[in-house]
Number of protein chains: 2
Amino acid sequence: MQVIERNSDLRTVLGEVKKKGLRVGFVPTMGFLHEGHLSLVRAARQENDFVVVSIFVNPIQFGAGEDYQDYPRDLERDCKLASAEGCDLIFSPPVIEMYPPGYATFVEVENLTETLCGARRPGHFRGVTTVVAKLFNLVAPDQVYFGQKDAQQALVLKKMVTDLNMDLQFHILPTIREDDGLAMSSRNKYLSPRQRREAAVLYRSLQEAERLIQGGVRSAQDVKAAMVSLIAGAEEAEIDYVEIVQAANLLPLERLQGACLVALAVRFGKTRLIDNILLEV
Amino acid sequence: MQVIERNSDLRTVLGEVKKKGLRVGFVPTMGFLHEGHLSLVRAARQENDFVVVSIFVNPIQFGAGEDYQDYPRDLERDCKLASAEGCDLIFSPPVIEMYPPGYATFVEVENLTETLCGARRPGHFRGVTTVVAKLFNLVAPDQVYFGQKDAQQALVLKKMVTDLNMDLQFHILPTIREDDGLAMSSRNKYLSPRQRREAAVLYRSLQEAERLIQGGVRSAQDVKAAMVSLIAGAEEAEIDYVEIVQAANLLPLERLQGACLVALAVRFGKTRLIDNILLEV
């Protein structure tokens, strides 16, 4: 497995790969890999001839006061994990390679980015779409892989790919969870032992939503109230949002119908965790 | 020469072209081709194996009250002209193919777009960078060709290509002029005979700027005053701007030094014409 830091080196290597007609699968990440990422790498490995993983903590998707500086980084560990799953190339550029002085171009998806996490983290998705557009142009993958855990991110990026006519196949893979249901996230590392125990309530609240809806409840308000009440039982939990929206466009729902996304963001101390489930009503 | 209207057909044809390892040259236009466009097609023909010209009057780069509806269109004539220069494929999509309902993604270059035409046409360059990013993704060209007449557009697009790591070579070719010096433009068609005669003053004013600067004048203010005074001699001319800026970043200059862009936009009735020259001081 090669580890590459420079755009020009990446182009050289991938130019040779493409000359051979090999199919390139790509998994963009911010590193500190966990089973969620690795499930994407495994899918890319199965469905392509050459697998690229990028590891880049993207400064422009973090707001002021967010955790850019603290975001966990461990390239050596990431390389071992990715290599063990059959990754062929790690692209791990320094910030100056991605955003040299005078950098000025941004990609923005409207509408889908104005709700849920987009409403609470201004500029976040603009940073995500910009860096991912750059990475797609650098890697020119045939297929790309994202996790359902970041449901809004996946939807926004898929919209960017469609709207900008990017020539690649977009895959969204299921959320991978710990034994107690907590969605895997690099940010789980921030949690104190007590917060970590309490955080299991997030998935329990999503399961409760599923149970209620399958039991016939159709009022979004009633389902959200039950979730909020469950989460409030965790002493350190502070709810950012609990929402039920249309899965296709993220618009709010009052009566539950069709493909619904039940999504939440909850803080434990300084750590903001997100999770969601998709339900067909 | 093929004429293609659908994205999917374009991909199919170009997929075959690329499988053969052919080098693709691309000239994006809004049609109503003139010698300026054709000089770009000729360059693309010389330097590539397969030449694509797009013809698309891009609604999102026109502001309210601008000439989107009136912009001249003549696809049949354009096809004959492009074919005569050895163009292999015309891509001429309907608006709904480029912007289907729910379209929401935009590419924006900051800073360079905030001066000259960008300051007078809010949203114009956002429309240009968005459609060109889409076209580049659809065509995946090896080399692209733009005219120096639209100096700011060329600079903005080149910046987008660099910033977003698009893998293509960007060429800016010299402005092509009528016998009296008027820069070729599809919009010249709008001019009345009298406006057309008067419009020759634009290039004369640029030549006067060059004469003054070569003669040792270094005050941007003095050069601009001489240009304005010359243009004011044309009765129907109404100046939008006359500026001298640094060619690399379009920032204003007081003392002329280095690579300078002398640029102007002037209205004749409802017709807004632009022109410029590059000077090394």
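Lettering of chains follows the sequences in order, A, B, ..., and the numbering in each one begins at 1.
With hydrogens and angles left out, the side-chain atoms of B/Tyr99 and B/Asn58 include a donor and acceptor closer than 3.5 Å. A donor-acceptor contact closer than 3.5 angstrom is absent between the side chains of A/Gln61 and A/Tyr68. No hydrogens or angles considered: a donor-acceptor pair under 3.5 Å links the side chains of A/Gln148 and A/Asn276.
Under a cut-off of 6.0 angstrom, the local environment of CD1 in A/Ile96 is sparse, with at most 12 non-hydrogen atoms contributed by other residues, nucleotides or ligands.
Counting heavy-atom pairs closer than 4.5 Å to chain A, the top-ranked of the candidates B/Glu110, B/Met98, B/Lys159, B/Met160 is B/Glu110. Options B/Asn165, B/Thr130, B/Asn137, B/Val109 differ in how many heavy-atom pairs under 4.5 Å they form with chain A, and the most are formed by B/Asn165.
Here B/Lys134 does not pair with A/Asp163 in a salt bridge; the nearest charged N to carboxylate O distance is not below 4.0 Å.
Of the candidates A/Arg120, A/Arg272, A/Arg121, A/Arg121 is the only one forming a salt bridge (charged side-chain N to carboxylate O under 4.0 Å, His left out) with A/Glu66.
A parallel orientation is assigned to the rings of A/Phe146 and A/Phe170, their planes being inclined by less than 30° (bins at 30° and 60°).
Residues of residues 5-30 of chain B placed with any heavy atom under 4.5 Å of a heavy atom in chain A are listed by number as B/Asn7, B/Arg11.
When heavy atoms are compared at a cutoff of 4.5 Å, B/Asp167 approaches chain A by way of both its backbone and its side chain.
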